[in-house]
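Report on the following structure.
Note that the structure is predicted; figures quoted are calculated from it, not measured.
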Amino acid sequence: MRNHFISAHFVIHRLDDTDGFINMEQWNEAAARGVLGGKFFFQMQPDGSFNKSVVFCLFCQKQFAYHRNNSTLRYHLNAKHPFANDADDASRPATSRQQRRIGDIIGFRTSESTSEKLTTSIVNWIALDCRPLSIVEDKGLEKVLQIATCNPTLKLPCRDAISDILQQMYDTEKLLKFDALKNAQFVALTGDYWSSVRDEIYVGVTAHIVDVTNGTWHLQSFIATVLNTDSRHVENCHEEFLSVAEAWGIRQKITTIGTESAPNTVAAEKRLQFQHVPCIAHILQSTIAVSLFEGGFNGALIKCRKIVAHFKHSPENTEELYQEQSRLGQENEPLVQDVSTRWNSTLDMVARLLKNQEAVFTALDKQKHALNMLTPSEILQLQKMAIVLEPCRFVSELLGGETFVPCSVVLPALCHLQHAMEVSDDDPDCIAKFKTAFAKDLSRRAATLNHEWLKMAAVLDPRFKDLKCLKRGEREEVWTRLEVLLQEQFDGTAAPEPRKKKRLLSSFDSESDSDEEAQWIGALKLYRSEISISETDCPLHWWAGRAATHPELSVLARKYLSSPATSVPCERLFSLAGHVVTKKRAVLSAANVNRLVCLSNWLKDKENK
């Protein structure tokens, strides 16, 4: 031993103090403080001196070059001996052993216990990313966390503990949403129905408000509930929307409810005192489907679908397509299959097929198949169809975008489509038929929209306040209606004036209005004189900067601009619910489905802020 190493039972030379030695007791004390000197030692030379250019690990006797820098040694301890301090637990006081945490061992301190932080992180992961509670029983996850935390004895919390914390987290987040709705002056809802993998029926409701905080306006949109129901009957629809309004205490604040134009939801809305705003996106997609049939595109589309399916259902065929794309210097990209419930998927299918038609047809020529190939006239027809559908794609993406879109966009979007679908002399027969059918069907379906509400939303949107989306004869009627609403707003908010003395008859001017009338008329004239902003600008930012200039009109703006243009938020709600209620989790109770879906949505909102 004298000729090789100095062990813990002999003197240990501290690396951070090369001029002195410490005994076993001092070493234990140093180790308790995480000092590197208690973990490495110098080699003793035959003459009794130490070689201070080389050190050895006390636990594995690995040799390291030492140049008075501890970085390499610290890395070795963390990687190979993260719990080296456990060896001297017996020589340290019990209180010291109890206070040690994983964070202390791996080189950093935490304000709370690592187990609590780990549990909270797992709960947040389960709620945010829609993971099942049983994930805490996965041995693979436990191994990963043991390596990540350098703790081979780490055990994950049980499912019951996770469930309890999930409930606490849900209650906490729900209180925040309650406060947001309590502070909101107006609330708009969207609702729709969804069937789970067990054919259970759920009604989903989302809430939308304009939050005014510290002089800034921003939109809040979140899930209010995912409610299990027995049927989609009109009576059920009516009661379910009312129950949601009562549960959140917003019945007197609700302005509109947006749904698709299903007969049961429309009938239920007529029984409620709230304004109904049908989903313009669903209307547009129905019109596109009808117009494609009327335009005579179905034959070519059927051939497209079969060609795409030929490649989508065979990895070998897809690989041959990739080879042809590479030979032509194109990017390897798969074909797209259209789905009736996926908006713009028909256009995506045709556009991708036309882009890769040379590679597709070359690959098909080398394969055995019984497909009916597209003729040159059909290819030309599809090219024309792709062009005429582009305005529809633009409007669909605008209305169904990730960002919140107020209903003030609906009438300008319809106006854009009407101009795009005007038949010209250069249009081939199929395109002329498509445009004619589109204009007719869209006009019929658009008649069911809540035009009065949409007009007021448009005039209160500084992007569209000039009302170019309406006929000239209709524009002044909208401003007249806004005058009435503004007068009602003044009557409801104006403070009572002190009693005035009788005025002499000569003091009245026959050409002037009362002082109060002059106020709201002047406010309306001031707003009309404002310059319209660009369509790419945010109307809420505009109103936030001018709320003091137009106090009464800003209240109306919050009311009308809080209503969404579509029921797309509910569509996203059900996409989220589909990740929660899977085949492996089909037995989730209705209460757990509501809790998990809502919590995931609420936490994502916090992550995005």
Side chains of [X] and [Y]: closer than 4.5 Å at any heavy-atom pair?
| X | Y | value |
| --- | --- | --- |
| Thr255 | Gln275 | no |
| Leu227 | Ser243 | yes |
| His218 | Leu540 | no |
| Cys304 | Leu382 | yes |
| Val388 | Lys435 | yes |
| Leu467 | Trp479 | yes |
| Val205 | Phe241 | yes |
| Ile431 | Gln381 | no |

If you look at every heavy atom in [X] and [Y], which pair is closest and at what distance?
| X | Y | result |
| --- | --- | --- |
| Tyr193 | Phe574 | O-CE1, 3.5 Å |
| Gln330 | Ala359 | OE1-CB, 4.2 Å |
| Val395 | Ala413 | CG1-CB, 3.9 Å |
| His276 | Glu260 | NE2-O, 4.5 Å |
| Ala437 | Ser291 | C-OG, 3.7 Å |
| Ala544 | Trp217 | CB-CD1, 3.6 Å |

Taking the basic N atoms (NZ, or NE/NH1/NH2) and the acidic carboxylate oxygens, is any pair closer than 4.0 Å for [X] and [Y]?
| X | Y | value |
| --- | --- | --- |
| Arg393 | Asp348 | yes |
| Arg463 | Asp537 | no |
| Arg546 | Glu530 | yes |
| Lys465 | Asp461 | no |
| Lys355 | Glu333 | yes |
| Lys455 | Glu477 | no |

- Query: Taking the six-membered ring for Trp, is the centroid-to-centroid distance between Trp543 and Tyr527 below 6.0 Å?
  - Reply: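 When the ring centroids of Trp543 and Tyr527 are compared, they turn out to be within the sub-6.0 Å range.
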
- Query: Counting N and O atoms only, with roles assigned by atom type, does the side chain of Thr190 sit under 3.5 Å from a partner on the main chain of Pro569, one being a donor and the other an acceptor?
  - Reply: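 Side chain of Thr190 to backbone of Pro569: no pair is present.
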
- When the ring planes of Trp542 and His550 are compared, do they come out parallel, tilted or perpendicular, using 30° and 60° as the limits?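 Rings of Trp542 and His550: parallel, as their planes differ by under 30°.
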
- Task: Go through the steps for Asn344 and Glu397 under the test side-chain hydrogen bond (donor to acceptor under 3.5 Å, both in side chains), then give the verdict.
- Result: CA-CA 9 Å; Asn344 299 318; Glu397 292 178 349; 4.6 Å; no

- Query: Above 12 or not: heavy atoms from other molecules or residues under 6.0 Å from CZ of Phe178?
  - Reply: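 Buried by this count: over 12 neighbours within 6.0 Å.
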
- Within 45° cone of Trp453 ring axis and under 6.0 Å: Lys559 NZ or CZ: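 The answer is no, since Lys559 fails at least one limit relative to Trp453.
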
- Message: Could you walk me through whether Phe394 and Trp343 satisfy the ring-ring contact (aromatic ring centres under 6.0 Å, His included) test, starting with their C-alpha distance in whole Å, then the side-chain angles of each, then the deciding distance to 0.1 Å, before giving a yes or no?
- Response: CA-CA 11 Å; Phe394 169 75; Trp343 299 342; over 10 Å; no

- Does Ser424 have any side-chain hydrogen bond (donor to acceptor under 3.5 Å, both in side chains) partners at least two apart in sequence or in another chain, and if so, which?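 Only Asp427 meet the side-chain hydrogen bond (donor to acceptor under 3.5 Å, both in side chains) criterion with Ser424.
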
- Item | Chi angles and distances behind the side-chain hydrogen bond (donor to acceptor under 3.5 Å, both in side chains) call for Gln337, His313 | CA-CA 11 Å; Gln337 185 71 71; His313 297 163; 5.5 Å; no

